[in-house]
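This report concerns only the one structure given below.
In what follows, every chain begins at residue 1, and chains take the letters A, B, ... in the order their sequences are listed. For the numbers below, each heavy atom of this structure counts, side chains included, while hydrogens, waters and symmetry mates do not.
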Amino acid sequence: LFKNIDNLISPKTKLNVVTADGKLRCFVGDNDAGVKKIAKTDLKKKTIKKQKTKSLKESSVLKRNYWIEFWDETTEQWICVDPWTKEVDRPETIEKLVTLPIHYVIAVDNDFGVRDVTARYASKYLYSEVRHLRVDQKWWDATLKLFRSKKRSRNRLEDVAIHDRLMSQPMPLNISDFKSHPLYVLKKDLLKFEAIYPPDQPPIGKVRNVEVYPRSCVYHLDGAANWIKKARSIKPGEEPYKIVKARPDIRIPKDERPTDKTLGLYGYWQTEPFVPPKVINGRIPRNEHGNLYLYKRSMLPEGCAYLQLDGIYGVARRLGFECVPCVVGWEFHKNGNHPIIDGCAVLEKDEAKLREAWSQEFEKKALRARQVCP
DNA sequence: TTATGAAATTGCTACGAGTTT
DNA sequence: AAACTCGTAGCAATTTCATAA
């Protein structure tokens with residue numbers, strides 16, 4: 001059993017060495033869940049020589065979790081340099097002498113700009129076995145953003161380099177490695193609300209005789225009622241792209257719920273921007289529950305104004321103005337899902353009068369409140 | 001003592017078949 | 001024949017999501 005000598009050097013020492021190094025970049029490899037370790041490069045070179053002559057047995061080869069990259073001004077890319085093996089520009093050789101599995105490879109440049117470059121070094125970066133070892137990627141990205149280098153164009157170039165590298169990696173060889181793979185998908189792994197589009201998308205390969213499709217062709221589908229929440233409606237004449245089993249209505253007692261209820265799902269390409277219903281003869285259109293869906297402001301019918309004033313509905317009713325409560329979302333209470341009503345749609349021509357009436361009402365109320373508790 | 005309830009999804013393990021050493 | 005690899009089924013834990021009192 002070999003202790004990794006890299007891990008015994010204090011962080012302070014290391015950082016000083018690196019900053020004095022000019023263009024050099026120091027790596028902090030981390031395979032023991034969250035503990036960052038820092039080492040001094042000079043020491044590495046000496047120890048590996050000793051180690052190599054000692055034994056070739058896998059278990060006794062001393063691992064190194066640190067190496068260097070430098071920024072090449074002419075090709076505008078980071079070049080990997082391994083002081084232990086003297087390999088230059090061969091990032092794929094790093095993995096052989098690293099304590100596996102790799103969780104993170106983090107680069108720190110001489111201005112203390114930090115970047116996750118795991119993709120460049122971990123051949124299994126896109127596989128679930130590595131993904132499972134890492135924290136939520138969104139959180140990680142947001143956190144690293146705080147320490148990102150200020151060199152914009154260099155960052156962009158590296159984004160492209162890493163992207164290209166990932167895209168050039170060979171496909172996994174096992175069926176199970178395709179599950180939630182970021183680049184590929186198998187039809188059997190599609191989720192309930194997912195589908196491949198276009199329908200005639202050809203597979204881009206095969207694994208063990210199963211067709212592989214690009215993940216970029218996977219689209220999220222929704223039922224008509226959910227598309228409306230995004231201010232989109234199904235284009236006339238569109239057929240559901242996929243039909244799935246509908247959720248049971250939990251308000252109906254378990255006994256006999258229709259078991260065969262289905263839900264038609266549509267893709268974005270089958271929808272168009274929601275066109276608000278028209279005002280007819282000074283009547284604002286209402287749905288079967290007497291109100292108006294207003295998930296987005298663009299859903300307000302032409303010739304209407306939206307008044308988000310507490311109690312405006314009562315005021316308008318009393319004065320005989322046209323006024324329709326607006327559904328802006330849904331909420332779960334008691335034993336069901338219920339609309340969130342916020343504000344009302346009124347006719348544009350009534351807006352000023354209603355605002356005025358509402359203020360007066362408000363004044364009255366305020367006055368009364370002041371009288372009750374001065 | 002602020003939320004329903006079941007389906008969907010994810011994570012994990014055990015098992016069996018097929019392969020390698 | 002033992003050790004390994006892979007895919008799946010089956011189970012547990014966790015997350016998601018429906019639609020008008």
Side-chain angles (χ1 to χ4, degrees), chain A residues 33 57-59 100-101 103 123-124 126-139 170-182 184-195 205-212 215 218-234 240 242-266 274 277 284-296 299 313 323-345:
Chain A
K57 241 181 147 188
E58 170 76 35
S59 60
L100 293 169
H103 295 57
S123 60
K124 292 280 172 84
L126 292 178
Y127 288 59
S128 58
E129 65 185 88
V130 170
R131 277 203 307 273
H132 287 153
L133 299 170
R134 294 165 58 96
V135 293
D136 177 68
Q137 190 64 32
K138 270 192 186 159
W139 178 88
M171 262 182 212
L173 297 170
N174 301 330
I175 303 270
S176 37
D177 286 321
F178 281 83
K179 189 156 185 194
S180 52
H181 191 289
Y184 311 109
V185 71
L186 308 180
K187 277 192 171 164
K188 77 168 181 70
D189 290 327
L190 287 172
L191 301 184
K192 182 177 179 181
F193 286 84
E194 286 177 344
K206 279 195 165 193
V207 218
R208 292 169 200 258
N209 229 21
V210 179
E211 292 176 334
V212 177
R215 175 73 63 176
V218 174
Y219 286 80
H220 184 85
L221 311 174
D222 258 322
N226 276 337
W227 275 117
I228 292 206
K229 288 186 190 166
K230 296 171 187 162
R232 300 195 66 86
S233 42
I234 311 303
K242 185 178 180 179
I243 295 175
V244 296
K245 206 168 61 183
R247 276 180 171 273
D249 187 339
I250 52 173
R251 292 163 306 163
I252 300 173
K254 64 267 155 90
D255 335 343
E256 204 37 51
R257 279 175 190 158
T259 53
D260 49 353
K261 269 219 304 187
T262 61
L263 174 67
L265 301 181
Y266 301 84
F274 180 81
I284 299 172
R286 295 144 217 258
N287 63 24
E288 69 252 52
H289 301 284
N291 42 38
L292 182 77
Y293 294 125
L294 195 79
Y295 300 118
K296 294 211 172 152
M299 294 172 72
Y313 185 66
C323 178
V324 180
C326 294
V327 176
V328 298
W330 293 86
E331 200 172 37
F332 208 100
H333 349 272
K334 275 281 183 180
N335 43 0
N337 220 345
H338 302 287
I340 303 168
I341 307 269
D342 184 27
C344 289

(message) For the backbone of A:K245 and the side chain of A:K192, can you confirm whether one donor and one acceptor N or O come within less than 3.5 Å of each other?
(response) yes

(message) On the nucleotide C:dC6, are OP1 or OP2 found under 4.0 Å from the side-chain N or O atoms that A:S176 carries?
(response) no

(message) Nearest to the A:R257 side chain among B:dA6, C:dT8, C:dA18, which nucleotide is it?
(response) B:dA6

(request) Measure from CD on A:E331 to C1' on C:dC17 and round the result to the nearest Å. (result) 14 Å

(request) Any chance you could measure A:K230, atom NZ, to A:K296, atom NZ, to the nearest 0.5 Å? (result) 9.0 Å

(message) Under 4.0 Å, heavy atoms only, any strand: does A:F178 hit a base, just the sugar-phosphate, or nothing?
(response) nothing

(request) Walk me through it: do A:I341 and A:V327 pass the test side chain to side chain contact (heavy atoms under 4.5 Å, CB included)? (result) CA-CA 5 Å; A:I341 307 269; A:V327 176; 3.8 Å; yes

(message) Using the side-chain heavy atoms of A:F332, tell me which of these nucleotides is nearest: B:dT4, C:dA21, B:dA6.
(response) B:dT4

(request) Answer yes when A:K229 and A:D222 have at least one side-chain N-carboxylate O distance shorter than 4.0 Å, and no when they do not. (result) no

(message) Please verify the inter-ring angle class for A:Y184 with A:H181; under 30° counts as parallel, over 60° as perpendicular, anything in between as tilted.
(response) tilted

(message) In this structure, how many angstroms lie between the P atom of B:dG5 and the NE2 atom of A:H333, rounded?
(response) 16 Å

(request) Can you tell me the distance, in whole Å, between the CG atom of A:N337 and the C1' atom of B:dA6? (result) 15 Å

(message) For a quick test of reading the model: is some side-chain N or O of A:R208 closer than 4.0 Å to OP1 or OP2 of C:dG7?
(response) yes

(message) Quick check for you: to the nearest 0.5 Å, what is the distance between A:L265 atom CG and A:K242 atom NZ?
(response) 7.0 Å

(message) Work out how far the P atom of C:dA18 is from that of B:dT2, and round it to whole angstrom.
(response) 26 Å

(message) Both A:I175 and A:I250 contact DNA chain C. Which one's nearest nucleotide lies toward the 5' end?
(response) A:I175

(request) Report the base-pairing partner of B:dG11 (Watson-Crick or G-U wobble, both distances below 3.5 angstrom), or none. (result) C:dC11

(message) What is the distance, to the nearest angstrom, from the NZ atom on A:K179 to the C1' atom on C:dC6?
(response) 15 Å

(message) Centroid distance below 5.5 Å plus an interplanar angle below 30 degrees: do A:H338 and C:dA21 meet both conditions?
(response) yes

(message) Side chain of A:N174 only, heavy atoms from C-beta on: which candidate in C:dG7, C:dA18, B:dA7 is closest?
(response) C:dG7

(message) Between A:N226 and C:dC17, is there a contact of a side-chain N or O with OP1 or OP2 at under 4.0 Å?
(response) no

(request) Could you please name the partner base of B:dA3, counting Watson-Crick and G-U wobble pairs only when both distances are under 3.5 Å? (result) none

(request) Mind calculating the distance between CZ (A:F193) and C1' (C:dA18) to the nearest angstrom? (result) 10 Å

(message) Whole angstroms only, please: what is the NZ-C1' distance between A:K192 and B:dA7?
(response) 7 Å

(request) Sticking with atom C1', work out how far C:dC17 lies from B:dT1, rounded to a whole angstrom. (result) 26 Å

(message) Output the rounded distance in Å from CG (A:L263) to P (B:dA7).
(response) 15 Å

(message) From C-beta outward on A:H132, which listed nucleotide comes closest to its side chain: B:dG5, B:dG11, C:dA21?
(response) B:dG11

(message) Rounding to an integer number of Å, can you tell me how far A:L191 CG sits from C:dT14 P?
(response) 20 Å

